[in-house]
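Throughout, a chain's letter reflects where its sequence line sits, starting with A, and its residues are numbered from 1.
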Amino acid sequence: MHTKNLKHYIGQEVTLQGWVANKRESKTVVFINLRDGQGMCQCILGIDDIGEEQFSEAKSLGQESSVAITGKVVEDTRQIGGFELHATSLTVYQNASDYPISNKEHGVEFLIDNRHLWLRSRRQWAIMKVRNSIIYAIHNFFQSQDFVQMDAPIFTGNAAEGTTDLFETDYYGKPAYLTQSGQLYGEAMAMAMGKIYTFGPTFRAEKSKTRRHLSEFWMIEPEMAFCDIFENMDLIEEFLRSVVQEVIEKCPTEMEILGRDISKLSTVSKPFPRLSYDEAVEILKGDKDVDGQNSLLTLEQDLKDVEARMVEINADIAEREAAIAAGGMKKGAINFNQNKIDSQKQELKQLEEDQRNIPQWMVSARDFVYGNDFGGSDETVLTRLFDRPVMVYDWPHEIKAFYMKRNPEDPRFARGVDVLAPEGYGEIVGGGERETSEEWLVEKINEHKLPMDVFQWYLDLRRYGSVPHSGFGLGLERLVAWICKLDHVRETIPFPRYYGRLEP
RNA sequence: GCCUUCAUAGCUCAGCUGGUUAGAGCGGUUGACUGUUAAUCAAUAGGUCCCUGGUUCGAGUCCAGGUGAGGGCGCCA
């Protein structure tokens, strides 16, 4: 019996098994918030109902003790989940003590060190449920359109793009690398099956310390034969719309726990803006406005807003501190104000970082050199002006991977496309149309100084029935972070691996 | 790799321009009270102020180096 199904058992006696998420006690009654992995239910254990022996056992239970509680289901709209259980008996599997994670706020380092326990917290529970729904929605989308799921190898002998750092392992005495993309293998499989997608782990040994990088993450890479860049963009748009809408429908409770404003996500139903690299650069540098909004002026305003907010918070903190210092305040009120001050100081730290960063971003955007790739901050500046994902296509071919198809009408550009998520989440999708000509590919492989021999099998794909084809790569963790509006991708995966973190 | 911010009780933090015995809240323990929602009230235990060196009559506080962490850039999904 699970808390989720209580609505079907009103007035009946059921047994719930779970963990003590929180407990309050008085002389004759103990309240237990029971967590069973599917939901929560408050259980009322009265001394007269369960007897003195079980009652004293109930009183002694520590946070996260494992128990089974039998009792009658009663509707009570005030409660989380809408029901409570009037207990008639209690079975204790284990009485736990000194659970390290309390209901108070904790720091990131402490929480990540205790990730194996942190996963039990309400917010983390909601994130994992959303992640699960996203994964399901992704499979659902591709399967319903006759894509074939394939698994690309994790050990590879070479770097697909040659630029990033890879994890090296020993493969029977030869060096092998953990894959950083399954795309080339996806292309081969697409020539066999028509439409495929990979869904697997990806590894990058970049020593990044940012809120959107992991060393090990999950990537979804569809690849379609007979598909050009514009059809590819149509698919990306349809795909993101479908996944986001399915998750919004399936996870209302989770979104509420996360405090996610769903209206900010519903905008995916509108068409995604498609900008060429040239247009995007103009907007970024502030030479072109979007709906009357200018990138540089918007940033200036952001900085002013940050500073105004800092003044506001400082004043409020000072006021509360003065009120506490004045004395005569009840302990509960002091407590409340202290906590308020604590959380405001957290916000202040974040604002101080924004205050340091925004001027750098402005400089970066204003002085952007045409022909370069967009930096993380440039993406933020650009997407700041839109309320939905933005697609940027036709990039200078020099900054894109060797396999990108050149625009036949203007060979300065390669037919790559990046999808930038709103609200500062950056690049969630990178893809494009692939080069079909063996000749051009060979030239590019030489240009990138890649070993020709290991690409012979890849060139075979152009020798035997080469067709226009496209695909893209979606970072699952970045998608989860955006949909849940999390401030770090490390919360999007059960056990994150990033620079400096291998445990737990 | 570069830039930047930080490290004080189990947890979250305060500790001003260096000064005598380092504080608060939460959590723990004990008691009181209560259909409670992070309950409340009282009492109580709990510290190598990250490490090493320096300045000083005196360092949690200042300086240098180290270690660890947060964030930004680069790189990318």
Side-chain angles (χ1 to χ4, degrees), chain A residues 21-33 40 42 44 46 62-63 76 78-80 84 86 97-114 161 163-165 180-181 183 202 204-215 217-221 317 321 324 330-339 341-343 345-346 349-350 352-361 363-364 372-380 399 401 418-421 425-431 472-482 487-490 499-501:
Chain A
N22 201 6
K23 189 193 73 175
R24 287 163 297 280
E25 56 184 270
S26 69
K27 205 168 215 167
T28 57
V29 63
V30 171
F31 301 93
I32 289 175
N33 279 354
M40 292 273 252
Q42 171 164 277
I44 292 91
Q63 197 183 351
D76 187 337
R78 291 171 304 174
Q79 303 306 334
I80 302 162
E84 58 179 26
H86 289 217
S97 54
D98 299 324
Y99 185 69
I101 300 177
S102 67
N103 286 320
K104 244 263 177 166
E105 277 185 56
H106 296 282
V108 246
E109 195 184 357
F110 177 81
L111 288 171
I112 206 83
D113 281 341
N114 288 286
E161 298 171 32
T163 50
T164 37
D165 293 333
Q180 63 156 359
S181 165
Q183 186 210 309
T202 303
R204 306 265 167 99
E206 296 155 355
K207 292 179 178 172
S208 302
K209 289 190 83 129
T210 82
R211 54 186 73 197
R212 54 180 189 281
H213 286 88
L214 292 171
S215 301
F217 62 98
W218 288 70
M219 191 150 70
I220 294 90
E221 294 179 285
I317 289 175
E321 279 176 344
I324 293 170
K330 279 194 76 177
K331 202 174 170 186
I334 292 173
N335 205 344
F336 175 81
N337 280 299
Q338 282 289 0
N339 285 332
I341 290 170
D342 275 7
S343 63
K345 284 192 175 171
Q346 286 298 320
K349 276 186 186 172
Q350 183 59 53
E352 278 166 6
E353 267 171 13
D354 290 346
Q355 194 186 24
R356 278 192 295 270
N357 290 330
I358 292 175
Q360 293 176 25
W361 295 356
V363 171
S364 165
N372 285 353
D373 202 352
F374 291 160
S377 66
D378 302 325
E379 289 173 355
T380 307
I399 56 171
D418 283 0
V419 179
L420 311 176
Y425 284 93
E427 190 180 342
I428 49 170
V429 168
F472 62 89
L474 168 88
L476 176 64
E477 285 73 20
R478 286 189 185 173
L479 182 63
V480 176
W482 167 49
D487 55 17
H488 204 299
V489 285
R490 76 182 142 221
Y499 183 55
R501 173 64 59 179

Between the CD atom in A:Q63 and the CG atom in A:N22, the distance rounded to the nearest 0.5 Å is 6.5 Å
Return the nearest nucleotide to the side chain of [X]; candidates are [options].
X: A:E84; options: B:U36, B:C76, B:G74; answer: B:U36
X: A:E109; options: B:U12, B:A69, B:G72; answer: B:A69
X: A:F31; options: B:G35, B:A77, B:C75; answer: B:G35
X: A:R24; options: B:C73, B:U37, B:A77; answer: B:U37
X: A:Q42; options: B:U37, B:G70, B:C76; answer: B:U37

Side chain A:S377 and base B:G72 donor-acceptor under 3.5 Å
no
Donor-acceptor pair present, A:H106 side chain and B:C11 base, under 3.5 Å: no
Base-pair string, RNA chain B, Watson-Crick plus G-U, cut-off 3.5 Å on both distances, | for inter-strand, is (((((((..((((.....[...)))).(((((.......))))).....(((((..]....))))))))))))....
What's [X] touching, base or sugar-phosphate or nothing? Going by heavy atoms closer than 4.0 Å.
X: A:N33; result: nothing
X: A:V429; result: sugar-phosphate
X: A:L214; result: base
X: A:D418; result: nothing
X: A:Q360; result: sugar-phosphate
X: A:F217; result: base
X: A:W361; result: sugar-phosphate

Phosphate OP1/OP2 of [N]: any [X] side-chain N/O under 4.0 Å:
X: A:N22; N: B:A39; value: yes
X: A:R490; N: B:A69; value: no
X: A:K207; N: B:G1; value: yes
X: A:H488; N: B:G71; value: yes
X: A:R211; N: B:G72; value: yes

Exercise for review: Would you check if the side chain of A:D113 reaches a backbone N or O of A:F110 as a donor-acceptor pair within less than 3.5 Å?
Suggested key: no
Any donor-acceptor pair under 3.5 Å linking the side chain of A:R478 with the backbone of A:Y425?
no
Give each protein N/O atom lying under 3.5 Å from an N/O atom of nucleotides 31-34 of chain B, with the pair distance.
unit_1: B:C33; atom_1: OP2; unit_2: A:K27; atom_2: NZ; d: 3.2
unit_1: B:U34; atom_1: O4; unit_2: A:E25; atom_2: O; d: 3.2
unit_1: B:U34; atom_1: O4; unit_2: A:S26; atom_2: N; d: 3.3
unit_1: B:U34; atom_1: O4; unit_2: A:K27; atom_2: N; d: 3.0

Between A:S215 and A:G376, the residue closer to the 5' end of RNA chain B by nearest nucleotide is A:G376
Here the pair of heavy atoms bringing A:I220 nearest to A:L476 is CD1-CB, 4.0 Å
| query | Within a radius of less than 6.0 Å around OH of A:Y499, do more than 12 heavy atoms belonging to other residues, nucleotides or ligands occur? | reply | no
